[in-house]
Every structure is written in C-alpha cells, then in structure tokens.
12 protein chains.
Amino acid sequence: MTPHRLLILNGPNLNMLGVREKGIYGTATLQTIEASCQEKAKALGVVVAFRQSNHEGELVTWIQQAMGQQDFIIINPAAYTHTSVAIRDALLAVGLPVIEVHLSNIHRREPFRHHSYVSDIAVGVIAGFGQQGYLAAMDLACHHLATLHSS
Amino acid sequence: MTPHRLLILNGPNLNMLGVREKGIYGTATLQTIEASCQEKAKALGVVVAFRQSNHEGELVTWIQQAMGQQDFIIINPAAYTHTSVAIRDALLAVGLPVIEVHLSNIHRREPFRHHSYVSDIAVGVIAGFGQQGYLAAMDLACHHLATLHSS
Amino acid sequence: MTPHRLLILNGPNLNMLGVREKGIYGTATLQTIEASCQEKAKALGVVVAFRQSNHEGELVTWIQQAMGQQDFIIINPAAYTHTSVAIRDALLAVGLPVIEVHLSNIHRREPFRHHSYVSDIAVGVIAGFGQQGYLAAMDLACHHLATLHSS
Amino acid sequence: MTPHRLLILNGPNLNMLGVREKGIYGTATLQTIEASCQEKAKALGVVVAFRQSNHEGELVTWIQQAMGQQDFIIINPAAYTHTSVAIRDALLAVGLPVIEVHLSNIHRREPFRHHSYVSDIAVGVIAGFGQQGYLAAMDLACHHLATLHSS
Amino acid sequence: MTPHRLLILNGPNLNMLGVREKGIYGTATLQTIEASCQEKAKALGVVVAFRQSNHEGELVTWIQQAMGQQDFIIINPAAYTHTSVAIRDALLAVGLPVIEVHLSNIHRREPFRHHSYVSDIAVGVIAGFGQQGYLAAMDLACHHLATLHSS
Amino acid sequence: MTPHRLLILNGPNLNMLGVREKGIYGTATLQTIEASCQEKAKALGVVVAFRQSNHEGELVTWIQQAMGQQDFIIINPAAYTHTSVAIRDALLAVGLPVIEVHLSNIHRREPFRHHSYVSDIAVGVIAGFGQQGYLAAMDLACHHLATLHSS
Amino acid sequence: MTPHRLLILNGPNLNMLGVREKGIYGTATLQTIEASCQEKAKALGVVVAFRQSNHEGELVTWIQQAMGQQDFIIINPAAYTHTSVAIRDALLAVGLPVIEVHLSNIHRREPFRHHSYVSDIAVGVIAGFGQQGYLAAMDLACHHLATLHSS
Amino acid sequence: MTPHRLLILNGPNLNMLGVREKGIYGTATLQTIEASCQEKAKALGVVVAFRQSNHEGELVTWIQQAMGQQDFIIINPAAYTHTSVAIRDALLAVGLPVIEVHLSNIHRREPFRHHSYVSDIAVGVIAGFGQQGYLAAMDLACHHLATLHSS
Amino acid sequence: MTPHRLLILNGPNLNMLGVREKGIYGTATLQTIEASCQEKAKALGVVVAFRQSNHEGELVTWIQQAMGQQDFIIINPAAYTHTSVAIRDALLAVGLPVIEVHLSNIHRREPFRHHSYVSDIAVGVIAGFGQQGYLAAMDLACHHLATLHSS
Amino acid sequence: MTPHRLLILNGPNLNMLGVREKGIYGTATLQTIEASCQEKAKALGVVVAFRQSNHEGELVTWIQQAMGQQDFIIINPAAYTHTSVAIRDALLAVGLPVIEVHLSNIHRREPFRHHSYVSDIAVGVIAGFGQQGYLAAMDLACHHLATLHSS
Amino acid sequence: MTPHRLLILNGPNLNMLGVREKGIYGTATLQTIEASCQEKAKALGVVVAFRQSNHEGELVTWIQQAMGQQDFIIINPAAYTHTSVAIRDALLAVGLPVIEVHLSNIHRREPFRHHSYVSDIAVGVIAGFGQQGYLAAMDLACHHLATLHSS
Amino acid sequence: MTPHRLLILNGPNLNMLGVREKGIYGTATLQTIEASCQEKAKALGVVVAFRQSNHEGELVTWIQQAMGQQDFIIINPAAYTHTSVAIRDALLAVGLPVIEVHLSNIHRREPFRHHSYVSDIAVGVIAGFGQQGYLAAMDLACHHLATLHSS
C-alpha cells in the first residue's frame with residue numbers, strides 16, 4: 001500500500017521564524033520545524049512535502065496542485081488566515097481534508113487574528129503549541145486517513 | 001473602424017472550474033467558457049483577451065496594462081471580489097468601463113461573499129448565470145460601447 | 001410545443017421612468033421598455049406579460065396568480081426590493097424561477113439599497129444596465145428554461 | 001349575554017397555504033384552518049370573523065374597523081410581522097387585546113423573521129404549531145376575555 | 001398670478017386621530033386638522049388638497065399625480081416614515097419641495113421611529129407640535145415658494 | 001396503549017411565583033400551576049412529571065434523564081432561557097420534542113430577554129399567557145404526539 | 001397679564017452666520033435673525049432674550065439662570081446638539097418647555113449630525129428652514145404657552 | 001521523580017456522548033474516552049484524573065481543588081465554553097497551564113459557539129478531532145511540562 | 001428595636017482570595033474580609049450573614065431565602081455579575097434593597113466585565129476598593145435602612 | 001505630619017442640586033453636600049477643597065492645578081463623565097489617585113450614561129448613594145492614602 | 001510680499017507637556033515646542049502665532065478670529081480631536097487650510113482616540129513624531145501656501 | 001560613520017501615479033517622487049532604496065530582506081494598507097522603525113480606507129501631502145535615527 005502523502009503549507013513570514021519575535025513564536029526556525037516533521041514522517045511511514053510562500057497566489061496554486069497528488073493538507077496560513085478567501089476557495093476546490101495549525105495561540109492576540117477563513121472548512125484546528133502543533137497535526141491527519149480507509 | 005477590444009479577467013481558482021464543486025459552479029471548465037466567449041466575440045465582431053490568475057498582483061498589473069490597449073473590462077474577481085482593494089484601485093486607475101460577473105449567485109452563499117469592492121465602481125453586475133453570464137456581459141459591454149460612440 | 005411564458009413585474013415608481021431623474025434611470029419610459037421586451041419576445045418565441053404596480057399587495061397577488069400560468073418571473077421590485085418580505089414569500093410560495101433586475105447599479109446608491117430580500121432566492125441578479133438588463137434577463141431566462149427542459 | 005367576537009386576521013401569502021412549501025407550513029389550506037376555527041367557535045360559543053389580505057393597507061383598515069365591533073384580535077401578520085409599523089400602529093390605535101400567531105416556528109428561519117413589530121404590544125405569542133396554534137389562540141383569547149369580565 | 005397649490009398627505013392610521021391614544025396624539029381628529037388647514041389656506045391665499053390613506057401604494061400614486069398639479073408637498077407619512085422606500089422614491093421622482101411633519105415628537109418614542117426615509121430629501125422637518133405643526137408647515141412652505149419665485 | 005408522558009420543567013425563581021412581582025407574573029403559585037397541569041393531565045389521559053430547579057446543572061441532568069422515560073418536554077427555562085447553552089445542548093442530546101413556555105410576554109421586557117437559546121430547537125413557543133400557557137402547551141404536546149403516532 | 005418671556009439660545013459658530021458656508025446656512029447673519037425675532041416678538045406680544053456662545057459651560061449657565069426668569073427656551077445648540085450631555089442636563093434641571101431649532105436640515109449632513117441629545121426632551125424639533133425656523137418656533141412656543149395657561 | 005498529574009475536565013452533556021448526535025460527536029462514549037486517556041497515561045507515565053459535571057459550580061470547585069494537586073488541566077468545557085466567566089476565573093485563580101479541547105469543530109457550528117471564555121488564557125486549543133484530540137492534548141501537555149522542567 | 005440584618009453574598013472563586021492573583025485582588029482572604037465585616041457589624045449594631053458559593057443556583061436560593069429574613073443584601077456576584085440573569089431575577093423576586101460590590105475596578109479589566117446584570121436594579125455600586133468596599137457598603141446599607149425607617 | 005489634602009470636584013449642573021429633579025438626585029443642595037464633606041473632613045483630619053464648574057475647560061485647569069497641591073481627587077464629573085476626554089487626560093496628566101462618584105445610579109438611566117471616560121483610570125467608582133457617596137469616598141480616599149504611606 | 005501667517009493651536013492639557021507622562025509625550029514642554037516653532041518660523045520667513053487653551057469654546061473663538069488674520073492653521077486639538085464638533089465647525093466656517101498634528105501616535109492608544117472630527121476636513125495629518133511633527137507641519141503648510149500662490 | 005539607509009516601499013498601483021486620477025493623487029509620477037527622494041537623500045547624507053510592487057508577497061519579501069540591510073522603512077502600502085496582515089507581520093518580524101505615508105488624505109475617502117494595519121506599529125503616520133509627505137518622512141526618519149544614535 002502506498003504511504004499517505006501529507007502536504008504541509010506555511011504562509012507568509014513563517015520563513016522568519018526563530019529570527020525575531022521569539023517571545024511569540026519560539027526559537028525554532030522553519031528549517032528546524034521541517035526537519036522535525038520529516039523525522040516524524042519517517043516514524044509514521046508517510047511522505048511529507050513541506051513548503052512556504054509569502055505569496056497568496058502561490059499558496060493557492062500549490063493547494064490546487066495537491067489535487068490527486070496529496071492525501072491531506074496541513075496548513076498554517078499565518079497572516080492569510082485572516083484575510084484570504086482565495087486560499088479558502090482553493091481548499092474547497094481540491095476537497096482534501098485539512099488541518100489548520102498555528103504556532104501561537106491566536107486567541108491571545110489582536111482581535112483581527114480571532115477570525116479564520118479556514119477553520120470552518122477544516123477537519124479541525126490546533127493553535128498555541130509551537131512546532132509540537134505540527135507534529136500533533138501529523139498524528140491526527142494519519143489517524144483521520146486511517147479511519148477513512150478502514151471505514 | 002477598429003473592433004472593440006474586451007479584456008475578460010478571471011480571479012483565483014477559476015482555473016479549477018468543472019473539476020470540483022460542480023453543484024455550485026457547473027460542469028463547464030474555464031477553457032469551455034473561453035471558447036464560448038471567443039465564439040461570441042466573432043459573432044459580435046469584437047476582440048477578446050481572456051486571462052486567469054491566482055495572483056492579486058498579477059491581476060492588478062493586467063488591469064493597468066489594459067490602459068490604452070482595451071476598451072472594456074469584464075471581470076470575475078472570484079475570491080478577490082471580497083478582499084482586494086488593490087484590484088479596485090487598479091480599475092479606478094485605468095478608468096475603463098467594467099462589468100462584474102459571477103458564475104454563482106453570491107447572495108446565496110456565506111455572508112462575506114455579499115460585499116464586493118468592485119460593484120460600486122462597475123457599470124453593472126451580473127451574478128448567478130454560470131457561463132451564460134459571461135456572454136450576457138459581452139452583449140452588454142458592446143451595447144455600452146456602442147452607446148458611448150454614438151453619443 | 002407551447003412557447004415559454006415570462007412574467008415581467010415592475011415595482012413602485014417604475015411608471016415614472018423617463019419623466020424625471022434621467023441621470024439615474026435613463027430616458028426610456030416603461031412603455032419603451034415594454035415595447036423592447038415584446039419585440040425581443042417575438043425574436044425568442046416566448047410570450048411576455050408585462051406589469052407594473054405601486055402596491056406591494058398587488059405585486060404579491062400577481063406573483064401568486066403566476067402559479068401554473070407562467071414559466072419564469074423577471075422582477076424589478078424597485079423600492080420593494082429592500083423592504084418587502086411579502087414579495088419574497090410570494091416568490092417562495094409559487095416556486096417559479098426568478099431573475100432580479102435593476103435598471104441602475106444599486107451598489108452605487110444609498111446603503112439601504114444594497115440589501116435585497118429577493119437576491120438569495122433568485123436564479124441570479126442583473127443590475128446597472130438600464131433596459132438592456134431586461135433584454136439580457138429574457139435571454140438568460142430562456143436559456144435557463146431550455147436547460148431545464150433538455151435535462 | 002352577547003357572545004365574544006373574535007377577529008382572526010391573516011397576512012400576505014397565507015392564501016397560498018397547503019399549495020406549496022408544505023414542509024414548512026403543512027398541508028392545511030387557509031379554508032381548512034378557517035373551518036376548524038369556525039367549528040371551535042361554535043364549541044366556545046363565540047363569533048369569529050376570519051379574513052386574509054395581501055395588502056398591508058387593507059389589514060390596517062380591517063383592524064381599525066374592529067374598534068367597537070370586535071372584542072379580540074388574533075393576527076398572523078405573516079411577512080408583515082417583520083416590516084409593518086402601520087399594522088402595529090393600527091393595533092395600538094384600536095386598543096383591543098391581541099394574540100400573535102405563526103404557523104411555523106419563526107425562530108428556526110432567516111434572522112429577519114426573528115423580530116416582530118407586534119409581539120411587544122400583544123398579550124402573547126404562539127408560534128410553531130400550525131393550525132393548532134389558531135385553536136389554542138382562540139382558547140386563550142376566550143380565557144383572557146372571561147378574566148377581564150369577571151374581574 | 002395663480003395661487004400656490006399645496007398637497008397635504010397623511011399616512012396610515014391618521015384617520016384614527018382623536019379617537020384613541022389621545023395622550024400621544026391629542027384630541028384633534030383628522031377632520032379638525034383638515035379644517036384648520038383649509039382655514040389657514042384661505043388666510044395664506046393658497047389651495048390645499050388634503051388626503052389620507054392606509055395604503056403605501058396609494059400614497060405613492062398620489063405623490064406621482066402631484067407632478068405638474070401641485071407646487072409643494074407637506075407629508076406626515078406616519079408609520080411609513082420608517083419603512084417606505086417607495087414613498088421616498090416617489091418624492092424623488094416628482095421632485096417637488098417637501099416638508100415632513102409629525103404630530104408627536106418621534107424622538108421620544110421607540111428607537112425604530114427615530115429613522116425616517118424622508119427627512120434627508122425634504123426641505124425640512126417639523127415634529128412634536130400636533131396640528132400646529134401642519135399650520136407651521138404651511139407657513140414655511142409658502143415662504144419657501146415665495147423665495148423661489150422672487151429669486 | 002401506555003399514556004403519553006410529559007415532563008414539565010421550570011427554571012430558576014419560578015418557585016417564587018405568586019409571592020412577589022405579581023404585576024408581571026400573576027398571583028398563581030407554582031403549586032397552583034402544577035395542580036392545574038395535573039388536573040389537565042387527567043383530562044387528557046397523560047402522565048405529567050412537574051419539576052423546578054434553580055440549578056442549571058440540575059435542569060440539564062433532568063433533561064438527560066428524560067431520555068427513554070418521557071415522550072415530550074415542556075420547559076419554562078426562565079432566566080436560563082437567555083443564558084444557558086447547556087440546557088440547549090441537553091435538549092439536543094435527548095432529542096425529545098420540546099415546547100418552550102413563558103408566563104410573561106418576554107418581548108415586552110428587557111432586550112436581553114428577547115433572545116432564547118431554546119426557541120430554534122423547539123417545536124414551538126408560547127409566551128404571555130400565565131398558567132394558561134402551560135395548559136395550552138399540554139394540549140399542543142398531545143396533539144403533536146398524536147400526529148406522530150398516527151403518521 | 002405679564003407677557004411671555006422666551007429665551008433664544010444659539011450655540012457655537014452661529015456668530016459666523018452669513019459670513020461663510022452660505023450654501024448651507026444662507027446669507028442671514030445672526031444679527032439679522034435676532035432682529036427678525038425681536039420684530040416677531042413685538043407682533044406676538046412677548047419678550048425675547050437672544051444669546052449666542054461658543055462655550056458649552058456658558059450655555060449651561062444661561063439655561064440654569066432661565067429658571068424662574070423665562071417661560072420657554074428655543075435653542076439651536078449647533079455643534080453641541082450632538083455632543084453635549086451637559087446642555088441636556090441643564091434643560092432637564094430647569095424643566096422649562098424647549099423647542100430645538102436647526103437652520104439646516106441636519107438629516108442631509110454627516111451621520112454624526114443625525115443624533116441629538118436634546119430632541120427627546122424637547123416639546124418638538126424644527127430643522128431645515130433657516131431663520132424662518134426661528135420664527136415658526138416662536139409661534140409654536142406661544143401657542144404652547146397659551147395652551148398651558150388656558151388648560 | 002513523581003509523575004506529572006493531569007486533570008481532564010468535561011463539561012455539561014459530555015456524559016451523553018455516544019448516545020445521540022453521533023453525526024456531530026461520534027460514537028465513542030465518555031467511558032471509552034476515559035479508557036483511552038488512562039491507557040495513554042500509562043504509556044506517558046503520567047497520572048490522569050478524569051471528571052465530568054453538568055454543574056458550572058462543581059467544575060469551578062474542581063478547578064480550585066487542582067491547585068497544588070495537579071500539574072496541568074485539560075478541559076473540554078462544552079456548553080460552558082461560551083457562557084462561563086466563572087470557569088475562566090477559576091482557571092485564572094489556580095494558575096495551572098491549560099489546554100482547551102473540543103470534540104467537534106466548533107467553528108462549523110452556530111455562531112455563539114465561536115467565542116470561548118477559555119481560549120485566550122489557555123496554552124492552546126485543539127478542536128475537531130473527537131477523542132483523538134484528548135490524546136493529542138495529553139501529548140502536548142506532557143511536552144509542555146517537560147519543557148518547563150528542563151528550562 | 002431589632003437590629004438590621006444584612007446578608008453579604010459572595011460569588012464564585014471569591015473563596016480563592018488572597019491565594020493567587022494578589023496583584024488584582026489584594027492579599028486579604030475571604031475569611032479576613034468576613035472578620036472585618038463582622039467587626040464592623042458590631043460597631044454598627046447590625047447582624048451580618050456572610051456566605052460564598054461557586055454555584056449560581058445556590059446563590060439564587062440564598063437570595064430567595066433572604067425574603068423576610070434579611071433587610072438588605074450586599075452582593076459581590078463575581079463572575080456571575082456578567083452572566084447571570086437568574087441572580088438578577090432572584091433579587092427582583094425578593095425585592096430587598098441591594099448594593100453591588102466589586103473588589104477590583106471592573107472597568108479596568110476585560111470588556112465583558114463592564115456589563116453587570118445587577119447594577120441597574122441595585123441601590124448603588126461600589127467597585128475597586130478591595131475589602132474596604134465591603135465596609136463602605138455596610139455603612140451605606142445602614143444609612144439606607146435608617147432613612148427608610150425614619151421616613 | 002501635614003494632613004492629607006482632598007480636592008472634591010463637581011461637574012456641570014451640580015449647582016442645581018436640590019432645586020429640581022429631586023426624584024433622581026434628592027433634596028440636598030450642593031451647599032449641604034459641601035457642608036457634610038467639610039464636617040467629615042474635620043472628623044478625618046484632612047483638608048478639603050470643594051469646587052463646581054459648568055465649564056469643561058475650568059475643570060481641566062483645576063485638575064492640572066491640583067498637581068503638587070492636593071493628595072487625592074474625588075470627582076463627580078456629571079455630564080462630562082460621558083463626553084470628556086479632556087478631563088480624562090487632565091487626570092492622567094496629574095497622576096493623582098482618583099475616585100469617581102455619582103449621586104444617582106447611572107446604570108438605571110439612559111444608555112449613554114453607562115459609559116464613563118474616568119472609571120478605568122480611577123482607583124474605584126461609587127454610584128447611587130447621594131451625598132453619602134461623597135462621604136464614603138472620603139473614607140476610602142483616606143484609607144487609600146494611609147495604605148500608600150504605610151507601605 | 002507679506003510673510004505667510006501661521007496659527008498654531010494647542011488643545012487641552014498640552015500645557016502639561018514635559019511634566020508628566022513623558023513616556024508617551026516626551027520631555028519637551030510646550031514652551032520648548034513654541035520656541036522651536038518660532039525659530040523655524042524665522043528660517044521659513046513666516047509669522048507664527050502659538051496658543052493653547054483648555055476651553056473648547058476659546059479654541060472655537062480663536063479659530064473664528066483667524067479669518068482674514070491668518071493664512072493657515074496647524075492644530076493639535078488633543079482630547080477635543082475626538083469629541084468636538086464645534087472645533088470642526090469653526091474650521092469649516094473660516095475655511096482656512098488646516099493641518100492636524102498629534103505628538104503621539106494616536107493609533108497605538110485607546111480606540112476612542114482613533115477617530116478624529118478634524119482629519120477629513122484637513123489638508124493632511126501628521127501623528128507620532130513629537131515636536132518634530134510641528135516643524136514638519138510648518139514646512140508642509142508653507143509648501144501648501146507656496147503652491148496656492150504660484151498656481 | 002556609514003550613512004543611514006532608508007528603504008522606501010510603494011504598494012500596488014502607485015506605478016500609475018500621474019497618469020490618471022490626478023484630482024486625488026496629483027500630477028507627479030512615481031519617477032518624479034523617486035527623483036525628489038534621491039535628491040533629498042543627497043542633502044541629508046543618507047542612502048535611499050526606492051521600490052514599488054503590485055504583489056503583496058513581493059512587498060513582504062522586500063521587508064524581510066531589509067533586516068540588517070536597512071535602518072528605516074518608509075512605506076506607502078496603498079491598497080494593502082487596509083487589507084494586508086502579511087505586510088504588518090513582516091514589519092513586526094524585521095523590527096525596523098517604520099513611517100507610514102499616504103499621498104492622499106485617506107480620511108476623506110471611503111470608510112474602508114480609514115483603517116490601517118500598519119499605523120499602530122509605526123513610529124508615526126503622514127497623510128495628505130502628496131510627494132511632500134515622502135520628503136517630510138525622510139526628515140523625520142533621519143531625526144528619529146539621529147535621536148536613537150545619540151541616546
């Protein structure tokens with residue numbers, strides 16, 4: 001049986017992780033997070049594609065391209081969480097199951113970060129656990145896919 | 001007399017038409033729609049340029065480039081309808097007459113789809129008629145241009 | 001095969017078209033618009049009933065009477081667009097397909113004209129094209145009915 | 001002693017009951033409801049006048065005419081529940097006790113149906129019980145009148 | 001010189017004046033008010049047409065018919081003040097100068113009575129002075145017309 | 001055939017009925033109301049359990065326990081009407097048909113009493129009729145159950 | 001019998017009348033208006049005190065001093081209409097009858113000018129008639145006082 | 001070293017899990033979830049106390065009692081998520097780290113379920129993963145405690 | 001003459017005072033506050049009953065039981081200030097005079113703490129003075145009762 | 001040791017106390033209140049300066065002049081409570097501890113009286129106790145200053 | 001050619017600059033700022049009048065007096081920025097060009113400081129640069145006047 | 001000492017300056033503005049990088065790249081001012097001091113242009129002065145940097 005394929009997408013400014021605002025986002029860089037995810041992927045027996053873009057349009061295109069190529073999308077849309085209907089529409093268009101992840105607890109921050117265009121079309125949401133949130137999302141994605149296949 | 005030139009712009013995810021969410025958007029692909037528009041263009045004796053982008057910035061640039069090159073813009077801004085002041089500003093900057101088209105009836109959908117940054121600067125709006133809406137928009141654009149020229 | 005029957009309903013003050021406020025509504029009178037619609041009806045091979053009332057209750061009654069007598073309703077509810085739940089309920093009660101038409105682009109006008117009690121129960125909406133909007137609505141209504149009958 | 005006189009008023013589109021949207025309003029026609037009410041009237045020893053209009057102004061006039069002619073008004077204002085200050089003012093003007101009845105449970109429907117211009121000036125409100133709500137309203141009206149007369 | 005012609009329109013339930021709710025509206029009946037207005041008309045040398053309707057559509061029609069027949073409209077739209085876009089549109093369509101009058105001080109009453117669809121298109125507004133408000137409106141209307149004619 | 005079982009639940013402070021605030025709630029005590037309900041139960045051939053609690057959690061538990069033990073819930077949630085999602089969730093969890101009853105007309109009172117967490121999941125709502133509202137609710141509950149069983 | 005005493009108060013910037021913004025406020029200066037009012041006072045047989053201040057506190061003090069010295073207050077609070085609770089409280093404290101006057105039709109202007117802290121505690125409101133509004137207010141004040149004295 | 005102690009609290013109606021509304025909450029009962037958590041606790045080498053209450057006050061008391069007795073609180077406040085300031089205050093008072101868990105994706109449900117009184121004082125939030133969310137929360141809680149102890 | 005009886009009620013989490021969050025609530029425990037109140041009671045010659053509960057329902061019951069047993073209620077509803085209509089209704093039901101006290105200045109805290117369901121039915125409110133606020137409330141309650149008895 | 005110096009400031013219209021609106025504000029005049037405060041000052045061994053102004057600017061200046069001359073400000077800003085950012089800024093600028101006092105219970109009055117520009121920068125708030133509130137504020141101010149000096 | 005005359009107006013509490021709240025407003029006193037402005041005036045060859053008042057009415061009067069005496073107004077309305085329609089109206093009345101200056105960045109502060117009654121009638125706004133903002137405003141005012149005179 | 005480096009960023013459509021909408025934005029092209037800025041840079045002895053993009057993502061990337069390469073960012077985000085959380089986050093991530101500049105006075109335009117995602121994280125804001133605003137921003141940036149270096 002082919003291993004499950006997970007696409008992990010990261011939105012704008014996540015390439016700056018670990019460089020500044022460590023009080024909010026922690027000291028891990030995006031490279032560290034990707035490494036942890038790849039290590040976890042091995043343990044789970046899945047394939048992970050891990051990408052970041054500052055461009056809303058590029059994220060939209062990557063989501064579209066996931067159709068038929070990926071089994072699950074884990075997305076941290078960062079700033080676009082709160083402003084992008086286009087990413088929402090792309091996720092709706094490909095119809096893959098989605099988990100929304102946030103490094104920080106967005107409910108502790110500015111009010112405009114309390115609304116997400118993704119949450120209500122996702123399987124679920126994880127926020128506030130730093131890179132551990134990505135790893136938990138991978139566990140939950142695999143469990144979700146396993147349940148789908150066994151039912 | 002040179003034929004009228006119509007620029008038909010399509011926003012993010014419209015390249016996914018006919019692939020998924022057929023219940024909302026119908027089975028026509030964007031290629032089908034373009035073909036119908038080109039066929040109609042011949043009938044109307046006008047020239048149509050037909051484009052799609054997932055990038056807000058690219059749509060902005062295309063609108064800017066229409067200045068002096070096109071006579072009318074028919075735009076389906078898709079998700080950017082509800083979030084893009086930049087597209088609005090580009091349309092204001094070039095000052096060409098605009099028709100806003102939507103495949104689905106946006107008033108039947110989520111409340112955030114009820115507001116458009118384009119409607120109040122357009123000549124008019126057509127929503128809910130699938131690809132027929134594009135063809136109607138072409139008719140109306142030509143009528144609009146004919147009226148301008150005859151007056 | 002019997003020709004399709006279209007009911008075109010016009011709300012309050014549309015009998016004043018062409019008399020005043022020509023800057024907003026144009027110079028065509030309602031008689032002119034009806035004549036254009038009847039001419040178009042001949043071209044399309046359909047039967048058009050064209051009516052206007054200043055009374056909300058009369059419009060409600062006419063919609064009710066369309067049940068079984070008409071195949072499609074094209075309605076410009078004018079001021080009642082924004083205030084009449086009764087017209088909405090009548091349209092829901094008869095269950096005929098509906099197109100909402102506005103002569104002017106209501107999105108350019110007072111905020112209370114931006115909400116419609118009809119839009120979300122209509123097939124689609126056309127606004128801003130003057131009498132051309134009526135003719136486009138007739139095209140789209142016929143296409144809609146043709147699709148229903150062929151499917 | 002003269003029997004109590006109850007005026008039962010029905011707003012727009014209630015003449016369409018039982019014809020369509022049976023899922024919401026049930027299969028009883030307005031004639032069936034009137035018959036049940038008249039039968040109940042006999043049992044209660046009261047006189048019932050039962051009317052329906054699609055015209056807000058006609059309902060206003062009927063309410064005004066109830067002054068001195070009726071002892072109680074049971075009203076299902078239908079769509080006018082949510083939009084008519086005129087009916088509210090007519091009820092205030094005649095000063096008769098009023099019960100507001102709705103066939104469907106308006107709290108389950110569109111948000112604009114959650115507000116009533118009548119509720120806060122009525123004795124009470126009954127919603128969601130179909131024609132049984134009318135019969136209950138008659139019971140409660142009679143009890144209300146009996147209490148008034150005995151006190 | 002022909003005398004100025006004033007149309008005084010009264011909205012729903014104003015035919016109930018003096019009968020009930022005297023605490024709010026005073027003891028004068030609409031007949032009393034009309035008589036005072038006619039008497040004042042004689043003093044001012046103007047012709048007054050004085051009408052009342054419970055029907056929004058009838059008021060709309062009367063306003064339309066004033067075009068070319070009247071010089072000024074004094075309107076107490078009563079309940080329709082707060083709900084009728086149709087009356088607003090009729091007033092806009094005929095383009096005659098308008099004074100809005102209210103017997104009671106609407107700012108002391110329910111919040112929904114604080115908004116008027118007529119005020120911002122009227123010359124001015126008078127509220128709270130009972131029938132004296134009508135007489136003051138006649139004075140002001142005549143002064144307005146005199147100024148127009150002298151300038 | 002076993003008689004229908006109705007659970008009548010009363011929320012906080014209803015044990016104070018008839019003691020104070022008689023202007024709003026009348027002079028009947030909760031004991032009086034229960035007696036009337038039991039008397040009516042005999043007439044209707046149904047079994048009534050009648051309870052009151054000041055504790056939101058206790059009401060939740062009683063609703064849960066109704067599962068399989070009762071056929072219908074008539075609830076006057078009193079203050080919890082406006083604040084308790086937990087009672088709503090309990091009602092959703094047991095899935096029994098529900099009627100919401102209020103002694104007073106909540107639409108005449110403070111604005112925070114105009115919203116109910118129960119209304120949109122109930123069969124219907126009765127408000128403003130004092131203890132008569134309970135008896136009417138019993139009639140309507142029995143009619144509802146009879147309809148279910150006969151269909 | 002002593003003549004009625006009217007205090008006419010004018011708020012900030014009304015001393016600039018006739019100097020600028022003539023399109024909105026007309027060409028009459030405050031001196032012109034005062035002269036008209038004094039002339040009218042003679043005709044009516046009343047005594048008028050006419051004052052203007054740019055200071056909220058001074059207006060408050062003048063209102064307080066009116067207690068026992070004046071019979072009626074006609075006030076054009078100008079900008080303080082929309083911001084001064086202190087003036088409202090002063091008017092409540094002295095308890096004299098009040099008419100609120102505005103030269104321009106405030107409903108045609110910025111939304112923050114649509115709310116008045118005075119309207120709901122005044123006898124009535126007159127807006128949009130320039131200096132004629134002051135004269136009408138004097139008539140209405142005298143009528144009000146006459147009615148009080150005769151009843 | 002003493003094992004970490006986790007308190008897992010469950011709010012109202014969670015004792016009904018697996019009995020009804022399986023479409024929303026799944027088929028697992030609260031007993032099943034507790035068993036999974038205890039099994040996971042063994043694997044993680046931690047001690048779990050697992051409790052449920054329908055009483056807001058009891059949940060408050062349990063949280064207070066956790067002070068000095070527990071190292072971490074995982075809470076699914078269910079309906080009280082949206083209405084209980086008391087639970088928030090109790091969590092603030094004991095000052096233990098908290099994870100908020102929801103079985104369903106609350107962002108897909110009624111708007112009143114989109115606000116939580118707990119989220120902004122929690123370490124993080126997990127929603128939408130059924131009982132797997134509890135297990136993920138246990139992992140994340142242990143990681144959080146390990147980080148605290150190692151730093 | 002029997003001494004006045006004051007009931008001092010404390011809402012949820014006030015039993016945690018002095019243990020944590022001393023920056024907000026100070027170092028006094030609830031026991032310290034009760035001791036101060038009892039000491040003050042002796043000085044004032046009144047009898048104080050002092051209670052705390054985490055249960056909304058228990059607070060409701062205690063308020064009900066105060067009827068005829070107490071002369072005045074001083075209540076610090078804590079978190080229930082902002083969420084409990086049931087406590088409001090209990091206070092309305094017993095009709096005793098009430099003072100609302102808060103240890104902290106609730107206006108400095110989260111916006112949801114700015115609204116109280118008790119303030120508008122209380123004699124008055126004291127907030128921000130720690131335990132001194134309780135003692136001041138006792139003074140003011142005694143003064144209130146003394147005034148009642150002397151008048 | 002020098003005695004503490006308290007500045008007691010009174011906003012607009014408080015000079016009218018005891019003259020009118022006794023139902024809301026009681027029969028005490030401002031002179032009575034000042035006398036009570038001076039008497040209490042002697043008992044407490046503090047010096048009180050007691051002032052009133054109708055001018056926002058004068059209150060601002062007095063607050064500024066308190067810097068270095070006073071130890072505490074007790075302010076009843078009256079109408080300026082709800083409208084004056086300038087008084088707030090003056091209080092912030094001098095940085096003295098402040099108690100906000102209101103004679104009436106502002107929560108029982110018009111909604112615009114529910115917001116205060118002072119509350120969140122004050123030590124605390126007392127409302128609803130008439131002149132007793134001033135005396136309680138003096139006690140609490142002295143206690144506050146004593147605590148500062150002893151810590 | 002006469003030098004340009006600039007009026008620099010300062011609102012309430014700006015006379016307290018440099019005394020307290022240095023973290024927000026810096027250490028410069030208003031005297032320092034005036035000196036810098038006068039020095040800059042010499043460099044620019046313009047005449048500066050520099051004033052401060054705590055009285056809204058005095059600021060209004062000074063603005064009125066600028067008519068014909070000044071060429072440009074630079075205003076820091078401080079607290080009155082957010083509350084004074086009277087200052088706005090005075091600026092509209094004199095019709096001089098205006099620049100609005102704020103020492104602090106008002107967008108970083110309380111939400112009520114985000115709205116200004118002056119911004120939309122000013123040439124432009126400068127905020128956040130301390131006294132440098134005044135100097136920049138002088139540069140921009142002179143450039144504005146130079147452009148006017150040269151065009 | 002190395003000269004200060006200023007990055008001047010221009011958002012979407014600013015490349016269209018001077019081409020259309022000259023009434024709002026003036027006749028200067030972006031090239032003119034850049035030339036003025038470079039000229040000013042020479043006078044100030046600083047280095048300026050001047051860029052424009054229609055792509056939100058590209059602006060984000062340029063901001064990120066400024067880290068360690070630039071000392072100050074002057075940004076005119078144009079349409080993205082009102083919609084881009086990503087640009088805000090990039091500015092927060094690099095942590096350089098920022099001045100927000102707008103050519104037009106955004107407070108005079110559509111309401112959606114009144115909110116900025118940048119203002120509250122900027123040193124300050126300048127709006128309404130056309131290209132002069134850029135030059136003023138350069139002055140203020142240099143002053144800001146000079147102050148930092150001297151302190």
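Chain identifiers are assigned alphabetically (A, B, ...) following the order of the sequence lines, protein sequences preceding nucleic acid strands; residue numbering begins at 1 within each chain. In this text, all values refer to a predicted model and were calculated from it rather than measured experimentally.
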Give me the atom names and distance for the closest heavy-atom approach of C/V85 to D/T83. CG2-CG2, 3.7 Å

Would you indicate whether D/Q38, at its atom CD, is surrounded by more than 12 heavy atoms from other residues, nucleotides or ligands within a distance under 6.0 Å? yes

If contact means a heavy atom pair closer than 4.5 Å, which residues of residues 94-125 of chain C contact chain D? C/V94, C/G95, C/Y117

Strictly distance-based, threshold 3.5 Å: is any side-chain N or O of D/N13 a donor or acceptor partner for the main-chain N or O of C/A86? yes

Taking C-beta and beyond as the side chain, do C/E56 and D/H55 meet within less than 4.5 Å on heavy atoms? no

Given side chains that start at C-beta, do those of C/Q64 and D/N54 come closer than 4.5 Å, heavy atoms only? yes

Using heavy-atom distances under 4.5 Å, tell me whether C/L59 contacts chain D through its side chain, its backbone, both, or neither. neither

